[in-house]
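Let me begin by presenting the structure, written as structure tokens, before commenting on it.
In what follows, every heavy atom counts, from backbone to side chain, and hydrogens, waters and symmetry copies are set aside.
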Amino acid sequence: MEFPTIKGTPSDVRRRLSGVLTADAEESARSVAGRRRSSLVSLDDAVEDMPKHKQGGGSTSRSRRASVITNFFAKSSTSFDYQERSIRPTVVMAMIYLKDPCPDVQKLRTVVADRLLEFPRFCSTFRQQDGAVFFDQLSRDEIDLEHHVQVKHGKGQFGEKETGDLITSSCLEWWDAEKPLWRMTLVKEMEGGRSMLFCKMDHAVGDGVALMSVLLSLLDDPPKEIRSLQSRREEKPTVALSQRIVNNIHGIYYGTIGWLLGGFDPENGLKIPREKKLEEFGSKTFSQVRPFSLGRVKAIKEELKGTTVNDVIVATLTIAMRKYFEKTNDPVLKKIDKGKDLHMSFVVNTRSQSSSSEKVTNLGNDFLVTSLPFELRYKSKIDAVWRSKASVDYLKLSPALYLLKIVTQKLLLLLPEEALIAAAVDNSFKPTAFVTNVMGPTFEATFAGYAVDDLNYLVSANIGLYFGVLSYNGKVNVSFTTDSLARVDCLLLKICVEEAFEGLEKDVMDASPGELKDPNLKSTAARLLEFAAPCAAAVALSYICKAFLK
């Protein structure tokens, strides 16, 4: 759930960026745009080198064979056979909001050509040959920038509804397989007097972690080096020995076979009913929750010692979901209170850790999709944070993800294509929600000399509810995209998220030190182990004593 992080910005960069807002803003912005880092890195991680070959137009291109995961995503985007079975492309979408309502599209195209096309996969086409997928790198001259960077005029009336329509069309349309699988749309003159660069990229180009890192690297003053995308935690969570043992045992089970046996969440008002088919892809509705101050989120974290910003955000979404079910009198509440769980799916970055100074060299598809339960049976809002923390700590401390990566890598090589398609369809209907959490720049960035007002991010999926959380410039943005097949009341859900955060903040700030203390939550299995271990030791000791006495 933790995505690429850009922590802070050097003081000289801050000074240059702050100059964009001064009287000589035009000159400052131009100078900022002119200062770029040296070279970008390649996206050629998960492929094998293949011989050069000649394209029809006579240009020489390198041909590379795609990995198993990239192969699947590419076929879902370019294969007529997949299209007949309504397997739609999986696309990653990012929204860069600019303060200027009418940016110069030619200027943006120039910047995109200069920065994005340094990544080979962004100037490569995909083709099928002998059942495999290859991508062929084109020359820059062969990239049609007018096709890849288009313009739409909002005329002051382009808001959340129109953004949802744009997301829907982006999810439904098929790619032109003769061109690289990415496109941007500049929406001028939106509601509120700003513009938006809507970026759409196919998952075959790379996973969301990689593509978000690429987008962040396109800013005018990115870090001198983009660090490894693997999340770095300051310190490991501290849990009782009994809980650690239980986590390891369950992690071994889940990482090897448990994930295959996971069932479907109970039907509820946020989930697409199971009887719906994949081809019944509904329209999308995009909603933006009022931004939360990152300082306020961190203040809650500091009061609840040992928690993280991520724990606070997950708890906020959990409380909001419970509120929504209560306000809609959803029958699923009875099942939840009797022990049934609702799950969030999310992507885990599986790139190996590296030194803090190492540049990113692995920007392909290197991830796992896993899930955790929403802790909806909380006793109080503060309890929801501790329960969310315990749930996330399980993944941090258990071997589940390590084993899951090994097992899935082997299965991907062994499973027939039909089985992969069936699994992709099935998995869309298992969880209640999909969640991503992206950490962006902590300062006001610029793109092509234009000040960036906000950022947003989402991945298309045939799921009823998608939560996108992104922090930027001291704010935490929570947006969600819903599918019409799920019939979600978006306005009510937005209110529930806002009330959940404000209610959690109030409870934390009004609580006594005793109420804020870590309850050191343990599972039932851990408590049984703590009881059974001394008993077993006592029995063993009695047998040893009897043996010596004889």
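When side chains are defined from C-beta on, Lys430 does not count as touching Asp265, because their heavy atoms never get closer than 4.5 Å. Side-chain contact between Ser388 and Thr318 is present, with heavy atoms from C-beta onward closer than 4.5 Å. Taking the side chain as every heavy atom from C-beta outward, Asn248 and Tyr253 never approach each other to under 4.5 Å. No side-chain heavy atom of Val314 sits less than 4.5 Å from a side-chain heavy atom of Lys389. Side chains of Arg296 and Glu502 form a contact here, defined as non-hydrogen atoms less than 4.5 Å apart. When side chains are defined from C-beta on, Asp483 counts as touching Lys284, because their heavy atoms get closer than 4.5 Å.
Contact record, Ile272 with Glu267: O-OE1, 4.1 Å, taken as the closest heavy-atom pair. Here the closest heavy-atom approach between residue Phe480 and residue Leu465 is recorded as CB-CD1, 4.0 Å. Of all non-hydrogen atoms in Ala433 and Phe467, the two that sit nearest each other are CB-CD1, 4.4 Å. Across all non-hydrogen atoms, the minimal contact from Leu455 to Tyr97 is N-CD1, 4.4 Å. The shortest non-hydrogen separation linking Lys152 to Phe158 is CD-CE1, 3.7 Å. In this structure, Ala500 and Ile319 approach most closely via the heavy-atom pair CB-CG2, 3.7 Å.
For the pair Asp341 (side chain) and Pro373 (backbone), a donor-acceptor distance under 3.5 Å is absent. Under the 3.5 Å distance criterion, the side-chain polar atoms of Thr481 are left unmatched by any main-chain donor or acceptor of Phe286. A distance-only check finds a donor-acceptor pair linking the side chain of Asp311 to the backbone of Thr308 [under 3.5 Å]. With hydrogens and angles ignored, the 3.5 Å screen pairs a side-chain donor or acceptor of Asp330 with a backbone N or O of Gly269. The closest donor-acceptor contact from the side chain of Tyr324 to the backbone of Asp489 lies under 3.5 Å. Side-chain N or O atoms of Glu302 include none that pairs as donor or acceptor with a backbone N or O of Ala299 at under 3.5 Å. Counting only distance, with no hydrogens or angles, the side chain of Asn477 and the backbone of Pro291 share no donor-acceptor pair below 3.5 Å. Checked by atom type and distance alone, the side chain of Arg183 never pairs as donor or acceptor with a backbone atom of Met201 at under 3.5 Å.
Note that the CD atom of Glu505 and the OG1 atom of Thr316 stand 10.0 Å from one another [nearest 0.5 Å]. Residue Met321 holds its CE atom at 4.5 Å from CZ of Phe374, rounded to the nearest 0.5 Å. In this structure, the separation between CZ on Arg194 and CG on Asp453 is 5.0 Å, given to the nearest 0.5 Å. Atom CE of Met190 is separated from atom CE of Met95 by 9.5 Å, given to the nearest 0.5 angstrom. Considering CG of Leu401 and OG1 of Thr370, their distance stands at 6.0 Å, rounded to 0.5 Å. Interatomic distance, Tyr457 OH to Leu470 CG, rounded to the nearest 0.5 Å: 9.5 Å.
For the residue pair Thr432 / Asn268, a side-chain donor-acceptor distance below 3.5 Å is found, with atom types taken as modelled. Side-chain atoms of Tyr466 and Thr436 include a donor-acceptor pair closer than 3.5 Å. Remark: the Tyr472 side chain and the Thr442 side chain contain no N/O donor-acceptor pair separated by less than 3.5 Å. Checked by atom type, the side-chain pair Glu160/Thr163 shows no donor-acceptor distance below 3.5 Å.
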Would you mind writing out the side-chain donor-acceptor pairs for residues 491-499 within the sub-3.5 Å range, not counting sequence neighbours?
unit_1: Glu498; atom_1: OE1; unit_2: Arg290; atom_2: NH1; d: 3.2
unit_1: Glu498; atom_1: OE2; unit_2: Arg290; atom_2: N; d: 3.0
unit_1: Glu499; atom_1: OE1; unit_2: Lys327; atom_2: NZ; d: 2.8

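In this structure, the side chain to side chain donor-acceptor pair (under 3.5 Å) partners of Lys161, at least two apart in sequence or on a different chain, are Asp165. When the salt bridge (Lys or Arg N to Asp or Glu O under 4.0 Å) test is applied to Lys298, no partner is found at least two apart in sequence or on another chain.
Cation-pi geometry between Lys200 and Trp175 is satisfied (NZ or CZ under 6.0 Å from the ring centre, within 45° of the ring normal). For the pair Arg387 and Tyr378, the NZ or CZ position fails the cation-pi test of under 6.0 Å to the six-membered ring centre and within 45 degrees of the ring normal.
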- Item | Derivation of the side chain to side chain donor-acceptor pair (under 3.5 Å) call for Ser479 and Asn456 | CA-CA 8 Å; Ser479 62; Asn456 235 314; 3.0 Å; yes

- Task: For Met344 and Ser371, run side chain to side chain contact (heavy atoms under 4.5 Å, CB included): C-alpha distance rounded to whole Å, both residues' side-chain angles, the deciding distance at 0.1 Å, then the answer.
- Result: CA-CA 5 Å; Met344 69 178 95; Ser371 64; 5.9 Å; no

- Query: Please walk me through it: do Tyr254 and Ser398 pass side chain to side chain contact (heavy atoms under 4.5 Å, CB included)?
  - Reply: CA-CA 10 Å; Tyr254 181 81; Ser398 83; over 6 Å; no

- Residues Phe501, Val289; criterion side chain to side chain contact (heavy atoms under 4.5 Å, CB included); working and verdict: CA-CA 11 Å; Phe501 177 76; Val289 177; over 6 Å; no

- Task: For salt bridge (Lys or Arg N to Asp or Glu O under 4.0 Å), just list the numbers for Asp518 and Lys305, CA-CA rounded to whole Å, side-chain angles, deciding distance to a tenth of an Å, and then say yes or no.
- Result: CA-CA 7 Å; Asp518 184 351; Lys305 301 296 183 184; over 6 Å; no

- Item | salt bridge (Lys or Arg N to Asp or Glu O under 4.0 Å) assessment of Arg322 paired with Glu326 | CA-CA 6 Å; Arg322 176 99 196 184; Glu326 289 172 348; 3.2 Å; yes

- Message: Pair Ser484, Thr285 - check side chain to side chain contact (heavy atoms under 4.5 Å, CB included), show working.
- Response: CA-CA 7 Å; Ser484 59; Thr285 299; over 6 Å; no

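Around CD of Gln157, the count of heavy atoms belonging to other residues, nucleotides or ligands within 6.0 Å does not exceed 12. Remark: Lys323 NZ is packed, more than 12 non-hydrogen atoms of other residues, nucleotides or ligands lying under 6.0 Å away. Residue Lys340 places its NZ atom among 12 or fewer non-hydrogen atoms of other residues, nucleotides or ligands, all under 6.0 Å distant.
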